[in-house]
Enquirer: 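Right, I'll just put the structure down here and ask away after.
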Amino acid sequence: MTALETAVWTAVCRVDDLAPERGVAALLDGEQVALFRLVDGRVLAVQQHDPFSDAHVISRGIVGSRFVDEVEVPTVASPMYKQVFDLTTGRCLDVAGKAPARGLGPDLRTWPVRVTDGLVEVGR
């Protein structure tokens, strides 16, 4: 069995509650998660905590895209110091001349997301 097959899924909101290209924050088992609905209908989840500013602000970032290895990936730019993160992997694509706070790693944690009967579910 894969990790997705054994994941515990938690309903977070209705997909229609999410505006395309905008982020929202949700609390999942005491951890803040940033959810993004893309124009193609995908919903992605990354940690809300920005490792560079040490603030919970990622859902307020600017959604865009960037080519990585000749493939266009959805991104979010932190509203604080403008680091750019790949929304599919959480990888920091641009550190913008900063180092992560408190010795944190530069990347964002990601969670699997599925939409079932119009409900956004986040796996853990």
Enquirer: Kindly give the heavy-atom pair with the smallest separation between Thr110 and Gly90, and that separation in Å.
Expert: CG2-N, 3.5 Å
Enquirer: Identify, with sequence neighbours excluded, every residue that meets side-chain hydrogen bond (donor to acceptor under 3.5 Å, both in side chains) alongside Glu31.
Expert: Arg109
Enquirer: Please tell me if the side chains of Leu18 and Val24 come closer than 4.5 Å, counting only heavy atoms from C-beta onward.
Expert: yes
Enquirer: Would you say that Thr116 contacts Trp9 through its side chain, given a criterion of any heavy-atom pair below 4.5 Å between the two side chains?
Expert: no
Enquirer: Sequence neighbours left out, what pairs pass salt bridge (Lys or Arg N to Asp or Glu O under 4.0 Å) with at least one residue falling in residues 87-106?
Expert: Asp54-Arg102
Enquirer: Please list all pairs meeting ring pair (Phe, Tyr, Trp, His ring centres under 6.0 Å) that have one or both residues in residues 55-101, counting only residues at least two apart or in different chains.
Expert: His49-His56
Enquirer: Not counting sequence neighbours, which residues clear side-chain contact (heavy atoms from CB on, under 4.5 Å) with Glu70? List them please.
Expert: none
Enquirer: With sequence neighbours left out, what residues match Ser59 under side-chain contact (heavy atoms from CB on, under 4.5 Å)?
Expert: Ala25, Ala34, Gln48
Enquirer: Do Val15 and Val43 have side chains that approach each other closer than 4.5 Å (heavy atoms only, starting at C-beta)?
Expert: yes
Enquirer: With the 4.5 Å side-chain cut-off for hydrophobic clustering, are Leu108 and Val84 part of the same group?
Expert: no
Enquirer: Can you list every salt bridge (Lys or Arg N to Asp or Glu O under 4.0 Å) pair that touches residues 8-21, not counting sequence neighbours?
Expert: none
Enquirer: Residues in side-chain contact (heavy atoms from CB on, under 4.5 Å) with Val57, at least two apart?
Expert: Asp50, Ser53, Ala55, Ser78, Pro79, Met80
Enquirer: Does Arg22 have any side-chain contact (heavy atoms from CB on, under 4.5 Å) partners at least two apart in sequence or in another chain, and if so, which?
Expert: Ala19
Enquirer: Tell me who clusters with Ile62, hydrophobic residues only, linked when side chains sit under 4.5 Å apart either directly or through other members.
Expert: none
Enquirer: Honestly curious: do Val63 and Val73 fall in one hydrophobic cluster under the side-chain, below-4.5 Å linking rule?
Expert: no
Enquirer: Just wondering, do Pro100 and Pro106 contact through their side chains at under 4.5 Å, heavy atoms?
Expert: yes
Enquirer: Please find the pair of heavy atoms, one from Ala77 and one from Lys82, that lie closest to each other, and give the distance.
Expert: CB-O, 4.5 Å
Enquirer: How close do Leu27 and Gly30 get, heavy atom to heavy atom, and via which atoms?
Expert: CD1-C, 3.7 Å
Enquirer: Side chains of Val122 and Leu35: closer than 4.5 Å at any heavy-atom pair?
Expert: yes
Enquirer: Where is the tightest heavy-atom contact between Ser65 and Thr75, given as atom of each residue plus distance?
Expert: N-OG1, 3.3 Å
Enquirer: Hey, quick one: are Ile58 and Leu38 part of the same hydrophobic cluster, counting side-chain heavy atoms closer than 4.5 Å, chains of contacts allowed?
Expert: yes
Enquirer: Residues two or more places apart in sequence or in another chain: which of them pass side-chain hydrogen bond (donor to acceptor under 3.5 Å, both in side chains) with Asp117?
Expert: none
Enquirer: Let's go through Val115 and Glu121 carefully: what are the C-alpha distance in whole Å and the side-chain angles of both, what is the deciding distance for side-chain contact (heavy atoms from CB on, under 4.5 Å) to 0.1 Å, and is it a yes or a no?
Expert: CA-CA 6 Å; Val115 177; Glu121 299 177 323; over 6 Å; no
Enquirer: Let's go through Leu104 and Phe52 carefully: what are the C-alpha distance in whole Å and the side-chain angles of both, what is the deciding distance for side-chain contact (heavy atoms from CB on, under 4.5 Å) to 0.1 Å, and is it a yes or a no?
Expert: CA-CA 8 Å; Leu104 298 170; Phe52 291 86; over 6 Å; no
Enquirer: Going through the distances and angles, do Leu44 and Val113 end up as a side-chain contact (heavy atoms from CB on, under 4.5 Å)?
Expert: CA-CA 6 Å; Leu44 302 171; Val113 178; 5.6 Å; no
Enquirer: Tell me the closest heavy-atom pair linking Phe36 and Leu87, and the distance in Å.
Expert: CD1-CD2, 3.6 Å
Enquirer: Show every side chain to side chain donor-acceptor pair (under 3.5 Å) that has at least one partner inside residues 36-46, sequence neighbours left out.
Expert: Asp40-Arg42
Enquirer: Going by the rule side-chain hydrogen bond (donor to acceptor under 3.5 Å, both in side chains), which residues pair with Asp86 if we only count those two or more places apart in sequence or in a different chain?
Expert: Thr88, Thr89
